[in-house]
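Here is the structure we will look at.
Everything quoted here is computed from the prediction, not taken from an experiment. Chain letters run A, B, ... following the sequence lines, proteins first and then strands; every chain starts at 1.
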Amino acid sequence: MRPIAVVPGTAAKRVRGVVASAGWEIDREALLEGEDIDAALGTAKKGRSVLFVPARVRVPGVIRRILVPHEGSPRVAGGMRVADGVAAATGAAITVLHVTALYAPPEKGSLPAPRIVDHGYDWAEWRAEFLRRFCRCSEGVDLDLEVATGAPLESILEAARRLPADLIIMTWRGEAGPGRAALIRSAAPGAPCPVLILVDGAPAAGEGT
Amino acid sequence: MDERQEAFAALVDDPLWRIEIEGFDPLREREMESWFTVANGRSGTRGSLEEESEESSAATYVAALYGWPDGGDPPGPELVTGPRWTRLAPRAGAEAIDLDRGELLEHRRILDLQQAILFRIWRHRLPSGVEVGFRSARFASMADREVLALEAEARSAGPAVRLGDGVPPPDLGPVESVKAGREGGRLVMSFQARGGRRASFAISTLERDGRLRRIAAVSRGGDPVGRDAVDALEWAERDGLPRVRARHTAAWRERWRDSDVVVDGDPEAQRALRFALYHLMSAGDPESDLASIGARGLTGDGYRGHLFWDTEVFMVPFFTYTHPETARTLLAHRHRTLPAARARAAAFGYRGALFAWECADTGEETTPGHEVGPDGTRIPILTSQQEHHISADVAWASWRHWEATGDEAFLADIGAEIVLETARFWASRARRGRDGRHHIARVMGPDEYHQGVRDNAFTNIMARWNLERALEVAEVLPVLDRRSWRALRRRMALEDSELRRWRTVAGGLVDGFDPGTGLYEQFAGFFDLEDVRAADLGPRPFVAELVMGRDRLGRSQVVKQADVAMVLHMVPEVVPAGAVRANYRYYEPRTSHGSSLSPAIHAAVAARVGRPADALRYFEMAAAIDLGNRMGNAAHGIHMAAMGGLWQAAVLGFGGLRADGDALRIDPRPPRTWTRLAFPLRWRGSRVRVDVEARTVTVTVDRPTPVAIGANAPRRLNIGRHLARKARRGWSSLEEVRPS
């Protein structure tokens, strides 16, 4: 089992329940001090999965609902695999949240919400294909797809509060320069629950070492 | 014949005739299956891997074979899938050969557009280390429409390869019962869809030394034991696959001769056009009017295989000008649904024929009552209640077909009744207002963002045009075919007084045109709405309700798709001079193009008003609808209307082709990057070839034909080649080119 890093350092105890429930173990060497999203991203960039625990958030003893923001690109596959693994182990349900956008992800095989809709059938067809393409889960895992319009940050935080989510899994491109990682920098500290940050391409938590 | 000696199908070399995908991308597999469908109007088989995979949505659809699945949501008929006749189970010794195991060394799928054959070339190292090679080729015969064929071969450096027999039966759901059995070594599957329709497949497989030949034959109709399919199969077997293939490729050669649009200088446009024409020709069946072409043809389960105005407005023109035999069967199919259209008009309290907005083969309305929006909300669908323009659209396609072909039998047997019955509908649908004019209320134009509007310009203009053509039918048909006219009048109980009323209504219908501005108001009150330009909201296309919200959208001037622009495109002869440009300029920036039907029409109109950059951009947008999966649902089938729209953009837009009375008018305006645009067409029995280069247009006719170039007056061209040169203003007249 690949250990996960935890931010902040003081959260190690608080997250014991959620980590145990997910079947992960904590990477002691990677324990980070302080509630510092940049430090978290720095660690994630090194290929570690990082569990970011914002201050004053509810840290659940067990995971019942996982929220996976999904831009409709294949790079979220790692996040989906982790979500599926946790859900299969804990019985948690997964909510995949797709926020519609005017710009499509550049990866081949992406399937963001359509930019053209002739008929009501189109939404159902897109939905069916999106689920089949990106959201295949282990048998018995309860998964639903929500589509939101509006600003991605507000949509993610609103869904996390409303569901409520016990864990958010966010996949990040690993680009932290100016103007980059804006969503994750805002979403993780503002989240009402722990946020697992994965870098696209990095081996996902829960995968064999 | 020794099967081992028969040559395998050969692949076309020219990359402009190939759609090719290398490797295997599981995420896009279902899109690829749609792209790679082989079809012939009778059946369509998705381009799934022979051994299938977890990612496959393998299916063979039989045109007109609809079934009613239990508990369908929404309820209604849907296209039934037949047996998966391309299924193989390749093995090297005891080891299965599939993409999921071992190492992929080479994998290519190539749709040979010229021959309409799907090829697959595959090399794989199995987990045991054995390397195997596999290739296959399949087609749906264009010459023998009952016949489908697959040839495959595999070789291995290790154990002997077996490709395998065993064809899975149709999936249940809309299928009620399947009977499968063997007859003389052939597999025969007969099945009945829920609702009573039947089809049969007879399949024979011959495998020897790693080489497999499979021929399948399809029949549909009342034959419950598949006798027709077995007969067709026996006949094909006797001929042998190479001859069956040769007839198929010869039939496609002929079709390409009559329809290929050649573009030099833009290979992507060339490939996109051939991809579009391939799918259009694959979808039509000139031998039977049992089925029409659904919005996704026979390429996927999208839209449940149903028909919309897509067929008549976006696809039929292509067939009318390139293969009128197919256009005729498509229109004949619609004609078969007249009883349902009359009943539908009556149910609304009107007379005449109101065609279904969405239907399967009977013509009964099948539009669902609601849709589930992206956020899960249920939204009522009002298209079937309000998009009454469908009746004028069908009349338009019928009249344009008559106009282009001069097919008197078509007019007498099919076209006239459609035009008259739809005119009768409009005369009862319009109401005389206090202003003394006629109005049409509670409609939706093509722009579905604005519902329940009054006097939609497109609807009213098309209704008026429909009424006027009906009056023309009443003048022309008695002269051409008095007996048919009398019979039709009697059948319709059509009195002179009714014809007079049609004239009154046509003359009284408002169309929202303001001579001062040269603009049509899209509907009454449109110009009072919030003036929002879609072009300012973000890169188009986009789904405007997601950007603005439904409520604000409905109160704004943002338009979903070509609406007034459809008037400019479909009936340019009624648009006053200068108004085409004015309306394009007004409505284009306000259009979000949130419909696949919009970009191609804008390309055509932009070309006509001299906006070549816009025109090319819209052409490329239309080309990307399936090839770029702009709609996110290419997995469920190809958008056939977009395919037809692409042809219209190229030929009617860039080629500037249109009917002008008895003459064919050609006013070419190709994009600057297209160094040559050439296309064939049929016009009143004449085969015409138009070849446009930078400064010349060549028109070749095989019988005397009146043709006009640019704004010049028509000239009757003698048989042969004629050349016009670009002049300082417009074009020189067409001069005969004598063979040197």
At a heavy-atom separation under 4.5 Å, does [X] approach chain A through its side chain, its backbone, both, or neither?
{"X": "B/Glu448", "value": "side chain"}
{"X": "B/Arg378", "value": "neither"}
{"X": "B/His639", "value": "side chain"}
{"X": "B/Leu546", "value": "both"}
{"X": "B/Ile379", "value": "neither"}
{"X": "B/Arg304", "value": "side chain"}
{"X": "B/Ser57", "value": "both"}
{"X": "B/Arg28", "value": "both"}

Worksheet item: Do A/Arg133 and B/Glu31 sit within salt-bridge range, that is, some charged N less than 4.0 Å from a carboxylate O?
Response: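 Judged by the 4.0 Å cut-off on N to carboxylate O distance, A/Arg133 and B/Glu31 do form a salt bridge.
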Discussion item. Between A/Arg132 and B/Glu29, does any side-chain N to carboxylate O distance fall below 4.0 Å?
Written reply: no
Worksheet, complete the sentence: Pair count under 4.5 Å, heavy atoms only, with chain B: among A/Thr149, A/Thr100, A/Leu145, A/Val117, highest is A/Val117
Discussion item. Please identify, among A/Arg136, A/His98, A/Lys108, A/Arg127, the residue contributing the most non-hydrogen atom pairs under 4.5 Å to chain B.
Written reply: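 The option with the most such pairs is A/Arg136.
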Which heavy atom of [X] sits nearest to which heavy atom of [Y], and what is that distance?
{"X": "A/Ile116", "Y": "B/Val543", "result": "N-CG2, 3.8 Å"}
{"X": "A/Ala128", "Y": "B/His636", "result": "CB-NE2, 4.2 Å"}
{"X": "B/Phe542", "Y": "A/Leu102", "result": "CB-CD2, 3.5 Å"}
{"X": "A/Asp118", "Y": "B/Lys560", "result": "O-NZ, 3.2 Å"}

Fill in: Proximity breakdown for A/Phe130 and chain B, heavy-atom pairs closer than 4.5 Å
neither
Worksheet item: Side chain, backbone, both or neither: which part of A/Leu111 has a non-hydrogen atom closer than 4.5 Å to chain B?
Response: side chain
Fill in: Nearest-0.5 Å distance that lies between atom OH in A/Tyr121 and atom CG in B/Asp301
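Interatomic distance, A/Tyr121 OH to B/Asp301 CG, rounded to 0.5 Å: 11.5 Å.
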Practice prompt. Check whether any side-chain heavy atom of B/Pro539 sits under 4.5 Å from a side-chain heavy atom of A/Arg115, and report yes or no.
Written response: yes
Discussion item. Would you say that more than 12 heavy atoms from the other residues, nucleotides or ligands in this model lie under 6.0 Å from the CZ of A/Arg180, or not?
Written reply: no
Worksheet item: Taking the inter-plane angle between the rings of B/Tyr303 and A/His119 on a 0 to 90° scale, is it parallel (under 30°), tilted (30 to 60°) or perpendicular (over 60°)?
Response: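 Because their plane-to-plane angle lies in the 30° to 60° range, the rings of B/Tyr303 and A/His119 count as tilted.
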